[in-house]
Amino acid sequence: MKRRSFLDRSTLGVTSLLIAPSILSSKDQEHNTVSNLNSTPYVLSTWNVIKANEIAGKALDRGSSALDAAVQGVAYEEANIQNTTVGRGGSPDRDGTVTLDACVMNHKGNCGAVLAVENITHVAALAKEVMEKTPHVILAGAGARQFAIEQGYQLENLLTEESKKAWEKWLEKGNYKPEINVENHDTIGMLCSDAEGNLSGVCTTSGLAYKMKGRVGDSPIIGSGLYIDNEIGGAVATGLGEEVIKTVGSFLIVELMRQGLTPQQACEEAISRIVEKQNGKPDFQVAYVATNKKGEIGAYSIHSGFSYTLYKNKLNKNINSNSVY
Ligand code: ASP
């Protein structure tokens, strides 16, 4: 949805949508259920992560909490060295070092994140440990790595031969620019709703390929790469993190849903906010997926080529999101 049509619609008799729940009557708030007992669990992820989605979905079907299921699901891709955008095998920074970012957020609004971590594969699990075992929300760099060692994580070489070769080829180009193009974005964002209707989410990435040392994108930033409000819904981002951070994209989507937009409308508006700041349609990609407490989902991207994966009722499908700005 273009921003103008969104604004037109906003002014055409939907002012009630803009009332925040905090000023709704208590009767209205009763309908705004926080937890739907006996809900159908589902998993919604960015990109084609069919196996990770299935692992999370099956965990939910067995009664796992939404957060445990999401962390288990993404762990599959973090360990998959064919995937050059998360975990071990992820593309390195421009100096040849793989640094990973991740965050988690649960239905209680608790969250944890790790930024620019070296030598640890399962950074989503580590982010969950930051949430559960420290008084903090974010641990970065050497501190996050040290915390991982204290928690018993193995140090690993995350740079595979394949990723090293690709980096060396990139070095030959001699221009120190990170690779920014529509294909170069595969962060895994995963939203899970468990049998009690509680929502949690995870975002895990190796970030932009050949980024500057120390660069951190949106993925581990709560509100940008991921946001959950268990009364409303959740959203997760992939793509050029700098642009997602500037618009606090995932938080924006959840707040738009709070005002009454569907997940689809909210994703479209969040993409419009990014695109309309550019001179014409930009060549970078950003995509969002979102869900609300009714189990409705939305997906939208700047460019085509984005897909998402949905597990529900034991059906697990990768779906091309043809919904493009
Ligand atoms: N959002 C990630 C980042 O900017 C990249 C991606 O989604 O691939 O670090």
Side-chain angles (χ1 to χ4, degrees), residues 44-49 52 74 77-78 80 82-95 97-105 113-118 123-124 127 138 140-141 144 158 163 166-167 170 177-191 201-227 235-253 267 270-271 273-275 282-290 299-309 321:
L44 175 63
S45 302
T46 55
W47 303 105
N48 187 355
V49 287
V74 300
E77 286 298 336
E78 288 174 334
N80 175 8
Q82 307 304 328
N83 187 332
T84 59
T85 62
V86 295
R88 203 151 76 85
S91 297
D93 64 20
R94 68 185 193 180
D95 298 344
T97 308
V98 180
T99 63
L100 305 180
D101 305 322
C103 73
V104 301
M105 189 159 191
V114 290
L115 279 57
V117 190
E118 292 179 29
V123 279
I138 300 174
L158 304 180
S163 294
W167 167 66
W170 172 83
K177 267 192 183 167
E179 301 266 308
I180 301 173
N181 60 54
V182 289
E183 283 89 32
N184 184 32
H185 303 285
D186 293 59
T187 292
I188 302 182
M190 184 179 279
L191 303 171
V202 166
C203 199
T204 182
T205 191
S206 51
L208 282 187
Y210 322 132
K211 61 197 175 187
M212 286 177 70
K213 190 171 182 63
R215 179 267 185 191
V216 173
D218 62 309
S219 303
I221 308 296
I222 296 295
S224 292
L226 168 72
Y227 196 71
V236 71
T238 180
L240 185 61
E242 281 72 5
E243 296 304 319
V244 177
I245 290 172
K246 287 180 206 168
T247 48
V248 200
S250 295
F251 182 74
L252 172 64
I253 290 171
C267 289
I271 290 290
R273 298 260 178 118
I274 292 172
V275 174
D283 60 3
F284 59 77
Q285 175 71 303
V286 174
Y288 292 107
V289 296
Y300 200 62
S301 56
I302 299 177
H303 295 281
S304 59
F306 176 60
S307 71
Y308 59 89
T309 309
S321 163

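In listed order, ligands and their atoms are each counted from 1.
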### Query
Does Asp101, backbone or side chain, put an N or O under 3.5 Å from an N or O of ligand 1?
no
#### Entry: Full working for side-chain contact (heavy atoms from CB on, under 4.5 Å) between Val202 and Leu226
CA-CA 7 Å; Val202 166; Leu226 168 72; 5.6 Å; no
## Note on the structure
In ligand 1, the atoms that come under 4.0 Å of a heavy atom of Asp218 are 1 (N), 2 (C), 3 (C), 4 (O)
### Task
Would you mind running through ligand 1 and noting each atom that sits below 4.0 Å from a heavy atom of Thr238?
6 (C), 7 (O)
### salt bridge (Lys or Arg N to Asp or Glu O under 4.0 Å) against Glu77, all qualifying residues, sequence neighbours excluded
none
### Message
Quick check on side-chain contact (heavy atoms from CB on, under 4.5 Å): which of Ile274, Ile302, Leu240 does Pro282 satisfy it with?
### Response
Ile302
### Query
At a 4.0 Å threshold, what atoms of ligand 1 neighbour a non-hydrogen atom of Gly207?
9 (O)
### Task
Report yes or no: does Ser250 contribute a side-chain atom to a donor-acceptor pair with the main-chain N or O of Ser224 at less than 3.5 Å?
yes
### Task
State whether the shortest distance between N or O atoms of Gly239 and N or O atoms of ligand 1 falls below 3.5 angstrom.
yes
#### Entry: Pair Lys211 + Glu242: basic N to acidic O under 4.0 Å
no
### Query
Quick check: does Thr205 get an N/O under 3.5 Å from an N/O on ligand 1?
no
#### Entry: Side-chain donor/acceptor of Ser321 to backbone N/O of Phe306, under 3.5 Å
no
### Task
Report yes if some N/O of Leu240 lies less than 3.5 Å from some N/O of ligand 1; otherwise report no.
no
#### Entry: Close-contact set for ligand 1 against Leu208 heavy atoms, below 4.0 Å
9 (O)
### Task
May I ask you to decide if the ring planes of Trp170 and Tyr210 are parallel, tilted or perpendicular, using 30° and 60° as cut-offs?
parallel
### Message
Taking a cutoff of less than 4.0 Å between a non-hydrogen atom of the residue and any ligand atom, is Arg215 in contact with ligand 1?
### Response
yes
